[in-house]
2 protein chains.
Amino acid sequence: MALEHAILVSLLEKPGSGYELARRFDRSIGYFWAATHQQIYRVLKRMEGDGLIDAREVAQQDRPDKREYSVAAPGREALSQWLHEPIEPESVRHELAVKIRGAAFDDPAALIHEVERHRKAHADRLAHYLAGERRDFTGPEAPRALDAGRELQHVVLRGGIAYERMTLDWLDDVIATLERLAPPHAGAAR
Amino acid sequence: MALEHAILVSLLEKPGSGYELARRFDRSIGYFWAATHQQIYRVLKRMEGDGLIDAREVAQQDRPDKREYSVAAPGREALSQWLHEPIEPESVRHELAVKIRGAAFDDPAALIHEVERHRKAHADRLAHYLAGERRDFTGPEAPRALDAGRELQHVVLRGGIAYERMTLDWLDDVIATLERLAPPHAGAAR
DNA sequence: CTAATCATGTAAGTAGTTACATGATTTA
DNA sequence: TAAATCATGTAACTACTTACATGATTAG
């Protein structure tokens, strides 16, 4: 149940409402742990009930009021404990790879468009990561290094960048392979 | 619900029992779509009920009998239809990245062992992929190219290899970063 | 005779998705 | 006054995980 832990990390980095968390899960933290607002609200409620987080009603003039959550001592403890437990190295779910192998039993050429669409999505994400890196991790603030949080956010971002670059290269390979299989006679099967 | 589609692809590549599928999901196809035997048996039953696959009782002398499944015409049709539908570019779930960002609020040095454990798992997987590539995709059978299934299996495997290589490099970066944060004063926090 | 492999499941619980719903405030 | 953003939820469903269970056959 890593969503709880992802929420704890995000709230330690900065307290916020369910809505704000949902937006973070569309950006930074969500790049490696996706969650919808429905799920977030449900889990926040449970975590509050378990005493892991505290809620504080915040009245706002220019916007609807909100409930701001922050991490309570038992939440910090729970996170710390989880950090010291081993986790299983990721079991991947790569739907596009299923499609690519499935294309052998259909028309490989028909998949080219879909793969190109994914390629574009990954190129956009890479551009977004690189912009974030330029914004947050370059410039003269470097001497103030040894800020653990900053360094660790950066190394995770570098992972995202490496992942997107690798994926782009691979998708080019996939497209080239599909094109090679297409020209002679469309509609190949085993 | 891509498990159904992954099963269809796997059964088109080669018919088999639930047990055999479960083993494939521990190897080849499972490298990009994980599933346990419990889930597989349940989905197989549903798919049979939906007419997507056919079952055939196979008596064996040297082993317990089994039910061998193969793809029926409606199953082929369902796969073909799915292949022509667009899917969302993957939403990633990278638990280790959550831990790395969480380490800012605990002892970064304490995470080094965990990351090294993951590094080893990925190194093993890479070695396994490379052995599979040497076994199945090298040698003099090259001229018999244009076998779509073979080519597509290979490009998916190349993706797995690229992913593991990228991950190893990144985990080295992570370890170096954690070590850099560790020496002066263990137990940093923001 | 014991462990390993082959083979198939049930039951209970947790996590996650999709659809639906409401209402405030702000900007065009 | 309509659309966008901020803000929070419920309900129903589907997917997935974990624990438990059984029984055959084979190799050591």
Side-chain angles (χ1 to χ4, degrees), chain A residues 1-8 15-27 29-30 32-50 52-53 55-69 78 82 85 87-95 98, chain B residues 1-7 15-27 30 32-50 53 55-69 82 85 87-95 98:
Chain A
M1 203 185 351
L3 177 55
E4 280 198 4
H5 302 115
I7 287 175
L8 288 171
S17 67
Y19 185 82
E20 283 158 354
L21 277 172
R23 297 216 312 139
R24 289 183 212 171
F25 273 81
D26 277 340
R27 299 180 289 107
I29 196 122
F32 47 90
W33 199 272
T36 59
H37 80 270
Q38 292 92 334
Q39 213 187 330
I40 289 167
Y41 280 116
R42 188 149 22 88
V43 172
L44 280 173
K45 203 151 271 185
R46 184 179 66 213
M47 289 171 77
E48 193 190 356
D50 292 345
L52 301 178
I53 54 177
R56 190 171 66 93
E57 299 286 339
V58 177
Q60 302 182 114
Q61 322 82 322
D62 50 338
R63 299 163 182 203
D65 297 352
K66 63 175 181 179
R67 282 170 70 78
E68 190 179 79
Y69 292 98
W82 175 69
E85 281 165 15
I87 50 173
E88 285 306 306
E90 335 285 328
S91 62
V92 183
R93 295 261 157 117
H94 204 329
E95 214 171 346
V98 178
Chain B
M1 204 186 349
L3 177 54
E4 282 199 3
H5 302 116
I7 287 175
S17 68
Y19 185 83
E20 283 159 354
L21 278 171
R23 296 216 311 140
R24 290 183 211 170
F25 274 82
D26 277 339
R27 300 179 288 108
F32 47 89
W33 199 271
T36 60
H37 80 271
Q38 291 91 332
Q39 215 187 328
I40 289 168
Y41 280 117
R42 189 149 20 86
V43 173
L44 280 173
K45 203 153 272 186
R46 183 179 65 213
M47 291 171 76
E48 194 190 353
D50 292 345
I53 53 176
R56 188 171 66 92
E57 299 287 340
V58 177
Q60 303 182 115
Q61 321 84 321
D62 50 336
R63 301 164 180 200
D65 298 351
K66 65 175 180 180
R67 283 171 69 79
E68 192 180 78
Y69 292 97
W82 176 69
E85 280 165 15
I87 51 173
E88 286 306 305
E90 335 286 326
S91 63
V92 183
R93 294 260 157 117
H94 203 329
E95 214 171 346
V98 178

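Order of the sequence lines sets the chain letters (A, B, ...), proteins ahead of strands, with each chain counted from 1.
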Q: Enter the inter-axis angle for the ends of the helix from C:dC1-D:dG28 to C:dA28-D:dT1 (five pairs per end, rounded to 10°).
A: 30°
(Q) Rounded to the nearest 0.5 Å, what separates atom CD1 in A:I7 from atom CZ in A:F25? (A) 5.0 Å
Q) Going by the salt bridge (Lys or Arg N to Asp or Glu O under 4.0 Å) test, which pairs reach into residues 33-49 of chain B, not counting sequence neighbours? A) B:E4-B:R46, B:E48-B:R67
Q) Looking at CD1 of A:I40 and CZ of A:R23, how far apart are the two atoms once the value is rounded to the nearest 0.5 Å? A) 12.0 Å
Q | Near-strand residues of residues 33-42 of chain B, defined as heavy-atom separation under 4.0 angstrom from DNA chain C | A | B:H37, B:Q38, B:Y41
**Q.** Length of the CD-C1' vector between A:E4 and C:dG16, whole Å
**A.** 14 Å
Q) Closer to the 5' end of DNA chain C via nearest nucleotide, is it B:R67 or A:R63? A) B:R67
(Q) With rounding to the nearest 0.5 angstrom, report the NE2 to CD distance, B:H94 to A:E90. (A) 4.5 Å
Q.
Rounded at 0.5 Å granularity, tell me how far CD in A:E68 sits from CG in A:L21.
A. 10.0 Å
Q: In whole angstrom, give the distance that lies between atom CG of B:D26 and atom C1' of C:dA7.
A: 15 Å
Q: Please report, rounded to the nearest Å, how far the P atom of C:dT8 is from the CG atom of B:D65.
A: 9 Å
**Q.** Where A:F32 and B:V98 come nearest, the two heavy atoms and their spacing
**A.** CE1-N, 3.7 Å
Q: Examine C:dC6: is either OP1 or OP2 under 4.0 Å from a nitrogen or oxygen in the side chain of B:Y19? Give yes or no.
A: yes
Q.
Given 3.5 Å as the limit, does a donor-acceptor pair link the side chain of A:R24 with the main chain of A:G30, or not?
A. no
Q: Name the residue closer to the 5' end of DNA chain D, choosing between B:P64 and B:Q61 according to the nucleotide with the nearest heavy atom.
A: B:P64
Q: Indicate whether OP1 or OP2 belonging to D:dC6 is found under 4.0 Å from a side-chain N or O atom of A:S17.
A: no
Q: Check the distance between C:dA7's C1' and B:D62's CG and give it to me in whole angstrom.
A: 13 Å
(Q) Measure CD/B:Q60 against C1'/D:dT25 and give the value in whole Å, please. (A) 11 Å
Q | Atom pair OH/OG1 of A:Y41 and A:T36 - distance to nearest 0.5 Å | A | 11.0 Å
Q) Quick one: B:R46 CZ to D:dC16 P, roughly how many Å, whole number? A) 9 Å
Q | Nucleotide C:dG16, atom P - distance to CZ of A:R93 in whole Å | A | 11 Å
Q) If you round to the nearest 0.5 Å, how far is OG of A:S17 from CD of A:Q60? A) 8.0 Å
Q | B:K66 NZ to C:dG9 P, straight-line distance once rounded to whole Å | A | 14 Å
